[in-house]
Every structure is written in C-alpha cells, then in structure tokens.
Amino acid sequence: MTDDLLQFALFAGLLIAVAVPLGAYMAAVFAGEVRFLAPVERALAAGAGAAVRQDQRWTAYALSLLAFNAAGFVLLFLILRFQNLLPLNPQGFDGLSAPLAFNTALSFVTNTNWQAYGGETTMSNFSQMVGLTTQNFVSAASGMAVAAAVARGLAARRTRVLGNFWTDLTRATLYILLPGALGLALVFAASGIPQTLAAAFDAATLDAGTQTIAVGPAASQVAIKQLGTNGGGFFNVNSAHPLENPTALTNLLSTLAILAIPAAFCFTYGRMVGDRRQGIALFAAMGLLFLAGFAAIYAAEAAGNPLQAGLVDPGTGNMEGKEVRFGVLGSTLWAAATTAASNGSVNAMHDSFTPLGGLVAMLNIQLGEVVFGGVGVGLTGMLLFVVLTVFLAGLMVGRTPEYLGKKIEAREVKLAALTLLVMPLGVLVASAASILAGTAETAVLTPGPHGLSELLYAYSSATGNNGSAFAGFSANTEWHNIALGIAMMLGRFGYIVPILAIAGSLAGKTAAPAGPGTFPTHGALFVTLLLATILIVGALTFLPVLALGPIAEQVSLAAGRTF
Amino acid sequence: MSKHPPAEIGLMSPRILGPAIGQAVRKLDPRSLARNPVIFSTALVSLLSTVLVAREALQSGPAVWTGLQIAIWLWFTVLFANFAEAVAEGRGKARADAFRSTRTSAKAKLLEDPADRSRTRPTDIAQVEPGQLILVEAGDTIPTDGTVVAGVASVDESAITGESAPVIRESGGDRSSVTGGTRLVSDWLVVRVTAKPGETFLDRMIALVEGARRQKTPNEIALDILLAGLTLVFLLVVATLPAFASWSGTTLPVIYLAALFVTLIPTTIGGLLSAIGIAGMDRLVKANVVAKSGRAVEAAGDIDVLLLDKTGTITFGNRMADAFEPAPGVAPRMLAEAAFLASLADDTPEGKSIVDLALRSFGFSPDAAKDAHIVPFSAHTRMSGVDLPGGVSLRKGASDAMAALSGAPLAPAVDQIVKRIASSGGTPLVVAQDRKVLGVIHLKDVVKPAIRERFAELRRMGIRTVMITGDNPLTAAAIAAEAGVDDVLAEATPEKKLELIRKEQAAGRLVAMCGDGSNDAPALAQADVGVAMNTGTAAAKEAGNLIDLDSDPTKLIEIVMVGKQLLISRGALTTFSVANDVAKYFAILPALFVGAYPGLAALDVMGLGSPQSAILSAIIFNALVIVALIPIALKGVRYRPASAATLLSRNLLVYGLGGLLAPFVGIKLIDLLVDLLHLA
C-alpha cells in the first residue's frame, strides 16, 4: 500500500516534470518558432502549393481537417481491404471484410484505435506500418492542430482566422510526434520489444510443445500508439503482451507517454492564450479528476472480489485479468490513464475488473474524454465544459458570461450544448438500438448487468474515441462494426467541428480587460465549479444505465449473486 | 417636495393572484406554450400521461390511482409555470392600467396658425402627426409627446414620475420637452408634436410593463438554448431506458418514465425564466426608468465604465463658501463681516452661502446694511457689493477685477492665497473695503455627501467611474480626488466625450453615460447604455436607450444593479434547478430498478416509503418548488455590490449546494405526507 502510494506519487511527479517543459516546447512549435526541419517543411509546402500558407477561417480549417481525414479513411480502407494484394504480407493474411475494414479505418482515422480484430492474426506488416502507423501519427496530429487553432482563436482579437491546418498538422508531426516516437521506439526496442519485418516463428516450449511467436515492427508502432493517445496494439492483448510491454521500464514509460502530450497541452494552452494561470487551472481540474478516478479504481481493485474472501491472500486484491508482473497498482494506474486520456491501450483486462473498478474506467470515458483526453481534443473537450461552466457562473455574478474577456453568447452556448448530445447519442442511443435489434445479446459474453457493462463500455469507448474494451464483447460483427464506426465518427467530429466554430466565433470578438467585476477563470473556485459541472453532466447522463450495469452487478456481488 | 412612488403592488396581492390563476389555464394554449421549450415538453408529456391513464382506466388496470396522481401533478407543473409568468405579467398589467388611465381621450387642440392661439381645431389624437402644433391650456392633459415652441407653464408630471411638485416647461433650452399624459397646472403652451400616434412615451411604457410584446434578451436566448439542450439530453436518457430495462428483465411503466423525464428536465428555471425577465423590467419601471429594450437592461449589468457629469451628479452644482482667508494684518472677523454685508443683497446660491457661512461663524446682524446702496453684479465690472450709508464701500469679485479696482497688483500674500484656492479646485473671491483688499472667500464646488461611498461600491463591482466636466484640468482633478472617481475628463466637449466612449469600447469595455442636452445625443447613442433625462431634449431622449423619469443622474447606479440582479437571478435558479436532479435520481432510480435488482435499494438513501410514493413525491416536489421560488423570481436574488468571486461563492453556496441538498429534505417530507395520506 505504502509502496503503491509512493509509486503513484513518483509517477505524478514525473508527469508534471515532463508536461511543463513539453507544453512550453509545443507552444513554441505552434507559434512557428521551432524550425529545425525547415527544409522538410519547405519541401512539403512546395508540393502542396499556396493553400498551406494562408491563414484560414474556422470553416476552411474544419473543411481541411475533414477532407484530410476523409482521404485518410479512404486510403486506409483500401489498404486493409486489399492487403492480400499488397507487399509485406509474410503470413499471407487475407484482405479484411468490408465492415471490419470500415470499422478499423474509421477507428484509426478518429484516433480511437478500437480493434475489432486481433493484430498479429489479421494485419500484414504493410497494413500495420503504412496503414495504421501513418494514421497513428496524423490522426493525433489532427487533434493537436485543433487544439492549436482553438487556443489561437481564444487569444485572437477581432480576427477571423485560426491559423492554417496544413501547417499545424505538419509541425505537430515533424516537431512533436516524430522525434518523440523515434526516441521512445529506440528505448522500447532496446528493452526487448520486437522491431523486425520477419514473419512469426515457432518456438519450442518448456513442456515440449510448440508455440507460434508473432513478431513484427512492434516497437515503432507501440511508441506512437502511446504518445498519440492511439492505443491500438500491435498484438491482440495490447500492452499486456510480454513482447509489447516487456519490462517495468517500458510499463512506466508507456504510462507516462499516454498522458504526456494531453497533460502538456494544458501548459501549451496557457502560453498560447497569454495567461499561464488558465492552463494551470485546466491542468488542476484534469489532474484532480484523474486522481479521483485512479483512487477509485485502485481502491476497488485492491479491495478484491468479496466472493473470494478467504480464498486468496487479502493483500493481493482482485488479480483476475491482471498481469502478475504489474499487480494492482501497475494495472489500475494504467487503466486510469488509458481511459482518462482516450488512449485505449491496456495492460490488464478491464472486463475482469471489479464492477466498481470497471465503472470508473467507463465513467472516465463517458465524461467526454476530458480528463486529459486525447492529444489536443482532450483540451478542447475540456474547453467546451469551460464554456458551459463560465456561462452558468457568469450569470451568477451578474454579467454576460465571459471567458478570457470574450463574451459567451447564444451562438457559443448553442454549439456547446450541441456537444452535450454526442455522448448520449453515441452511448445510450446506439447501445439501446443494439439491444432492440438483438445484436447486443449475441456479442456479450454473459447476459445480465455484466453484459450490459460490456455493451456500454464498447459504445462509450467508441464514442469517446478511446479504443479500449471490455474484452468479453465480440465486436467483429456487421452491426457492431458499422454502429461503432458511426459512434467513433460522431465522437470525433461531433466535438471538433463545434469547438472550431466556437473558436472562430470568439476570435472575432474583442476581449474586455479583466477587473474585479469579471469572474476569474483560474483559481480554486473556478476549478471546483468546472469539476462540479463535468461530474453533474456526466452523472445525470449516465447514472441510470450505470445503475443497471456495474452498480447492479456490484450490489448483487455483495449479496453473493453473480452473473 | 414630496414623492410618491408609483402605487406599490404587493407580491402576493389577491388583485394579481386571482386573475393569474385564470391566465395560467389560458396559457395552456399550445401557441403560448411553444415559446418555452422546457414547459412545452412538460405539457406534451402531461398530455401523453393523461392518455395513458385514461387507457389504463378503461382497461381497469391496477396502476390507475398512482398514474392519475402523476398525470395531475404533471399538469400542475405546467400550470405553476404558467402561473409564475401570469403573476409577473399581472403586476406589469396593473402598472400599465395605472398609466393607461392617464391617457387622455380628449381631443387635441390643433393650431392652424402658430401665431394665433384663438383658432384651434379639435382633432382626434390618433390623427395628429409629428410636426403639427397643438395648444395646451391650464387644466388640460397634454395629449402626446412634444417640444414646447411657445409659452411657459407649470406641468404636473406626477402621473409618470410620481413627483407631485409641478415643474416648469418652456420653449428653448433643456426644459422644453413635454410628455403625453401629464397635466398643465397653469398658463398655456404651444407644443410641436414629436411622437407618432400610438408611439408616445406613455404607449411605450405601457407596452414595456405589460410584457405583451416582450422580446427575449440575448442572455435569455442563450439560456433558453442551454435549457433546450439539457431537455434533449434527458429525452435521450429517458427514451433509451426501456431498452436497458428490458435487458435487465424488467419493464418500466411509461407513466413512470414520464415522471422521470419531467423531474429531470430543468422545469424550475424553465418555468420561472420569463417571470424573471418581466419582473426585472418591472423593477426598472419601479425605479422610474423606462427601457426602450430589454437588451439595454442586460447591458447595464455588463457595464465597465460609467461616465458621470460632474455638475448635478457628483457635486451639487453650486459653488458654496467654504472659508474666509484674510490678508495679513486683517482680522478674520473683519473680512467675514465685509463679505457678509457685501453679499446680503446677492441672492445667487454663492451669495447666500457666503451669508450662511458668516452667520454660522460669527453671527452678524444684517442691520448694518439697512439703507445701504446695493451695487449689483455686472458682466462689465465683474464684481458686486454695497455702499453703506456711512460711505464705506464693500466689494467682492474676481481677483483680477479687484486688482483693477485697487489700482495695483494684489499683495503677494493675497495673490498666494488666490492661487492656492484656484489650484485646489475652488474659486477665490476677493473682498475689498474702500479699495483695500481684506482677504479672500474660498468658494468650493461641494461634493454630494455619500457619493464617495457609492463610487467605492462601484469599484467593488468592477466598474470604473469617469467624471466629465467642463472645468480646467486642475480644478477637475481636485474635485475628482475629493469625490473618489477613478478618472476624469476635463474641459469636456461633446466631441471629446464621444471620443472617450469610442476609445473605451475599442478596448473591449462597455460604457454607460447619462445626458440631457441635444449635444449629448451622439454620445448617448454611442454608449452601450445611454440614460436620457426625462427633462432633456427630444434628441437626447431619442438617442438614449433608457430614460430616467426622475432625471436623476445617479440613477445609473441603480440601473446597473437591476441589470446585474436580473442575470444573477437567472443563473442562480438555473444552478438550483440542475443541482436538484441529483436528489431526484436517488428517489426515482431505485424505485424503477429495485424490481430487477433488489440490491439497488441501497441507492434509496432517503428511505422512501414505496416505489410509487418515491416517484409521486419527486414529481410533487418538482411542481411545488416552482411555486416556492416565484417570490425569488419576482423580487430577484438578493444582490449586494461585491467582487465577482465573492458573489459567485455566495450564490454557489446558496443555490448550488442548496439546490443539491434541498430536494433530499423536500422529497423525504413529501414522501412522509404521501404515506400518511395513503396516496400511494
């Protein structure tokens, strides 16, 4: 217990130590002050033409992003569908079925990286390297570009432009994701994660059997999967696989990499809007939610399964579905981080968590991926809650609500309120439709409340662009591939487009200087109010289904009833 | 002068409540309900529930009794919301009726020839166009708004301002505008009509307080959108619940879902929103201010900078004697006596104040001035005084005029006194006896008492005050320091005023100002909140977006407060409404799900009687809380000037935390009652 606390404190310290300077560096990148790869930028720009140099209004920015992602989707869909015709397919895997290719392509383009397939038994090296890894980079970079554009919009005074999408995309990739992934991949490869183009081989096991050991270009993909809050594993069981996460060091670095860029974005934001306290306030809100989430999952898992009382050493906690190497702390910290940050990689099976532990992981996602969240989009998701919070708080101090001196009016409220519908639509409506269509029953491992949790988790994960799963859920069916795909799109662009529109609208406004009559959006009072808004909106939306899922399971478990 | 405020209407006067009940039912008209998305949804759900109950009754199902009660309370929720609006409107209507009664039905006396007052043509007021001339005589009610072009008369404006003392209206200057509905007490006036029929000041005021054509204000629209968004979220939550319940092996009666939906959507604020808006306007009217649009009232809450004219607002506008400062070798008493005698016949406010000060300090007798020859002030000599019967001549005047009188420059000591007084913002008045300078009277522009505190209050609210004055910078700075304003615009001209407003607005600040003269009109129009004085010119009244009937420039401060209170009331009740939902979940969810999973009874933290009584109690609480909050909606949430952070923590504590906890208590109490009466 004390060891665990110490480890967590160390982790938190390391995270802050990484996030603060990284945030400053990223602010410099988006301000165009980091240019060590200027020749590469120029070469890319020359190929692209004038489009990349002009500052764009929010509409052009959003259209560029949508067009880029649409093109990425089509390309990835074709690669996956026809990988059998493409090179680097040593195992001779077939092309993916259309619904699976649709789902997977959307999943990687939306930075969800939900895997309805098993990587080592489905994907050719070409698909992994050219198809998936490319999207691991550019889907992350797209999200980062959105955050940069939004921060610029809030900082701007009476302009209509938010920057240039292509420039932001290029810079995020060249200066942040590529160097970070390169460094991390080298450490990972050195730690024993495979990085090879060879095919799987057979190994003789100790009990005189043979086992197929799948290998491939894993280290490079794992690095960007963590750094870009992608989460799509090279292997089916993701970072619980000994070759995807072989050592304590890779586990620590992976967990840190999950949160590094999302956390750093708070500080980037503070610098970009010219008031670092604003960024610190958002970091504090996210940090507190993360801490609470981790503490709840950890407590639930450390308490263990009441039905196993007396059967296992009480100090062990609930170890079902967990790697002995990582234990309760390593697994729950990862679970808290990956569900908070919209990453979705796992080093333990969330399906096997206690009902309450699973509930918190699920709620982390259902809050709208604002607890650090995906790279870039976590920050902008939080800003949507800030808009709503500021609106209520602003009224209560007797002024037209303002954020950073800019008035929050009907247009901004309308757009922010629209995003409130995304999670209920993607999670509640899609799950309910699956139940009514009879497709939910066949996909879950067990009926009853646990099955409901599996279903809810799947749709939460898709809509929240997380990508992790309660693995008992068999998602590779036509219905779920398509419905989850739609949920992923909704969860991605249903937030990105409105927040860009808000940023565009705020960019055109003048900023009133702050005074004693304006409500400060930094400091403990605001952070408390922001947290209350997030939790109340989340709780009000999901409490009924959570009551029928994990809460019902937990209370039944306590009464000795299992499903 | 006595002042009677417009007849006060009690918050819960039966005069209002009676008709409001009828109105509440009439407002069930779908066209009226559709204006409010939350209440409209509630009405739809009530209708659905009624149909369901009727069907259940026809099939003599088991749940008719509980269902019926739920349906009834759902309708009550709608009716209570309508009632809140009707009460607010009723108060406005009562005020409007009072105004309407002053509207005259008598014919206007249209003048055919302005020079000849004997020839008038009685014309229906609806036929009188702007620009035409009418005659108003003693005893007449002025039929419409206009500008006086000839004549002087005293006018009783109490019908509009509540001020019982008649005021003088005359052609030219800043007292030339007359308002329809006021009554001529004496003499006659020739008035050029300025308002189109049906668009007079009184008409506008009636429309305003009646709220009939009330436009939603920007913040109200934004809030409406948020509430509609929340309603949609809860629609999705509740509509998907049957699917999840069927997965869990249970079915949920639709009427329970209807109850859940209505308790979750923000009916409290939805039901009170328009009442808050109407009541805000009403408070403004009560303060004798007429807003041309609700937007201006809301903008008043956002004001960052307040431009205030020095004269009349910050100071009394009259220079008053503050001290006698004798020349070397002159006894203070001697100077005071000379000043006293020289001012006895001077009935300007300055002169009177000198006499006052001398009497207070030394208590002279006016006898010495008997039979004295009075030398009145003339623009030529720029001095005044008396020649006493004994041949002594006493004079007071500007320092240079007095120096000319004595035939030599002022003595250095006196000159120093003069300069010191001038640099402190005062006016030095030199007194001489037989051409020998005795000393200086210090005249001061007296700052109104307690104005400093008001500015400090404004500063706490985050509002900067700027004093506007025609004085030179030195004088202006001295008065500004004494009054405690934050900034000063000296040697102000209308152009400089306009420029200042533009500069502040360019920096993102919202500016309020008040004015009365025609030359104020551009600045009034440019300001975000422009308050025109009712006594002011028609141009000023046209340019401003608020009109103060009392013509009191400090009213701006009250207007700001009303604007802020309006926003705070909306925000606080929204927070309260949303926070309420948590407790309602804890009442209804276990009631709905305990059949499927008995363990979920653990969520029933209130320990409610039965699932039926839990649902019934929640819906009853939800309906009653609207009624309970009507007084707050009408009176407005308590507001005292304080910094934003202080206000927020207080309101969060009361309405946020209170909203979280109150329903736990309320629902439990209602549940006990429901159980006691065996209602469920």
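Below, chain A is the first sequence line, B the second, and so on; all start at residue 1.
Contacts between A:Ala552 and chain B at a heavy-atom distance below 4.5 Å involve backbone atoms as well as side-chain atoms. Residue B:Phe244 touches chain A through both its backbone and its side chain, counting heavy-atom pairs closer than 4.5 Å. In this structure, the portions of B:Leu648 lying under 4.5 Å from any heavy atom of chain A include both its backbone and its side chain. No part of B:Thr250 comes within reach of chain A, as not one of its non-hydrogen atoms sits under 4.5 angstrom from that chain. Only the backbone of A:Thr518 has a heavy atom closer than 4.5 Å to any heavy atom of chain B. For A:Arg157, no part sits under 4.5 Å from any heavy atom of chain B, backbone or side chain. Contacts between B:Leu260 and chain A at a heavy-atom distance below 4.5 Å are absent for every atom of the residue. Using a 4.5 Å cut-off between heavy atoms, B:Arg650 makes no contact with chain A at all. In this structure, chain B has a heavy atom under 4.5 Å from the side chain of A:Phe391, while its backbone stays farther away. B:Phe234 touches chain A through its side chain: at least one heavy atom from C-beta onward sits under 4.5 Å away, while N, CA, C and O do not. Heavy-atom distances place no part of A:Ala559 under 4.5 Å from chain B, backbone and side chain included. Residue A:Thr528: no heavy atom, backbone or side chain, is found under 4.5 Å from chain B. Of the two parts of A:Lys407, only the side chain, counted from C-beta on, holds a non-hydrogen atom closer than 4.5 Å to a non-hydrogen atom of chain B. In this structure, no portion of A:Val387 lies under 4.5 Å from any heavy atom of chain B. Both the backbone and the side chain of B:Val578 come within contact range of chain A, each with at least one heavy atom under 4.5 Å from a heavy atom of that chain. Of the two parts of B:Leu592, neither the backbone nor the side chain holds a non-hydrogen atom closer than 4.5 Å to a non-hydrogen atom of chain A. For a residue to count as touching a neighbouring chain, one of its non-hydrogen atoms must lie under 4.5 Å from one of that chain's; by this rule B:Arg464 does not touch chain A. Contacts between B:Ser649 and chain A at a heavy-atom distance below 4.5 Å involve backbone atoms as well as side-chain atoms.
Each of A:Ala532, A:Pro513, A:Ala547, A:Ser434 has some count of heavy-atom pairs under 4.5 Å with chain B, and the biggest count is that of A:Pro513. Note on B:Leu223, B:Leu573, B:Ile463: by heavy-atom pairs under 4.5 Å with chain A, the leading option is B:Leu223. The candidate from B:Leu241, B:Ile221, B:Leu652, B:Leu230 with the greatest count of non-hydrogen atom pairs under 4.5 Å with chain A is B:Leu652. Considering only heavy-atom pairs separated by less than 4.5 Å from chain B, the leading option among A:Ile551, A:Val413, A:Ile408, A:Thr510 is A:Val413. Ranked by non-hydrogen atom pairs under 4.5 Å with chain B, the options A:Leu456, A:Leu436, A:Leu455, A:Leu525 are led by A:Leu525. In terms of heavy-atom pairs under 4.5 angstrom with chain A, the leader among B:Leu566, B:Ile568, B:Leu603 is B:Ile568. Heavy-atom pairs under 4.5 Å with chain B peak, among A:Pro520, A:Ala416, A:Gly394, A:Pro449, at A:Pro449. Here A:Leu540 is the residue among A:Leu540, A:Leu420, A:Leu418 with the most heavy-atom pairs under 4.5 Å with chain B. Of the listed residues (A:Ile536, A:Val427, A:Val545), the greatest number of heavy-atom pairs within a distance under 4.5 Å of chain B belongs to A:Val545. Contacts with chain A were tallied for B:Val582, B:Thr574, B:Val238, B:Asp302; B:Asp302 has the most, counting heavy-atom pairs under 4.5 Å.
Salt-bridge annotation for B:Asp224 and A:Lys414: absent, with no side-chain N of the basic residue lying under 4.0 Å from a carboxylate O of the acidic one.
Distance CG/B:Leu226 to CD/A:Glu412: 13.0 Å, rounded to 0.5 Å. Distance check: A:Leu548 CG to B:Leu600 CG gives 7.0 Å after rounding to the nearest 0.5 Å. Atom CZ of A:Arg399 is separated from atom CG of B:Asp304 by 4.5 Å, given to the nearest 0.5 angstrom. Atom CG in B:Leu232 sits 5.5 Å away from atom CG in A:Leu421 (nearest 0.5 Å). Interatomic distance, CD of A:Glu553 versus OH of B:Tyr597, reported as 9.0 Å (0.5 Å rounding). Considering CG of A:Leu395 and NZ of B:Lys564, their distance stands at 11.5 Å, rounded to 0.5 Å.
Counting heavy atoms of neighbouring residues, nucleotides and ligands inside a 6.0 Å radius, atom CZ of B:Arg640 does not exceed 12 of them. For B:Arg295, the CZ atom sits in a loose shell: 12 or fewer heavy atoms of surrounding residues, nucleotides or ligands are nearer than 6.0 Å.
A donor-acceptor pair is defined here as one N or O able to donate and one able to accept, closer than 3.5 Å; no such pair exists between the side chain of B:Trp247 and the backbone of A:Ile435.
In terms of heavy atoms, B:Gly508 sits closest to A:Ala512 at O-CB, 3.1 Å. Annotation for B:Val233 and A:Pro424: closest pair CG1-CG, 4.1 Å, computed over non-hydrogen atoms.
Inter-residue side-chain proximity for B:Leu589 and A:Pro544 is flagged as met; some heavy-atom pair is nearer than 4.5 Å. Here the side chains of B:Asn219 and A:Pro401 are in contact, with some heavy-atom distance below 4.5 Å. Side-chain contact between A:Phe519 and B:Leu647 is absent, with no heavy atoms from C-beta onward closer than 4.5 Å. Counting heavy atoms from C-beta outward, B:Leu567 and A:Met396 have side chains that stay 4.5 Å or more apart.
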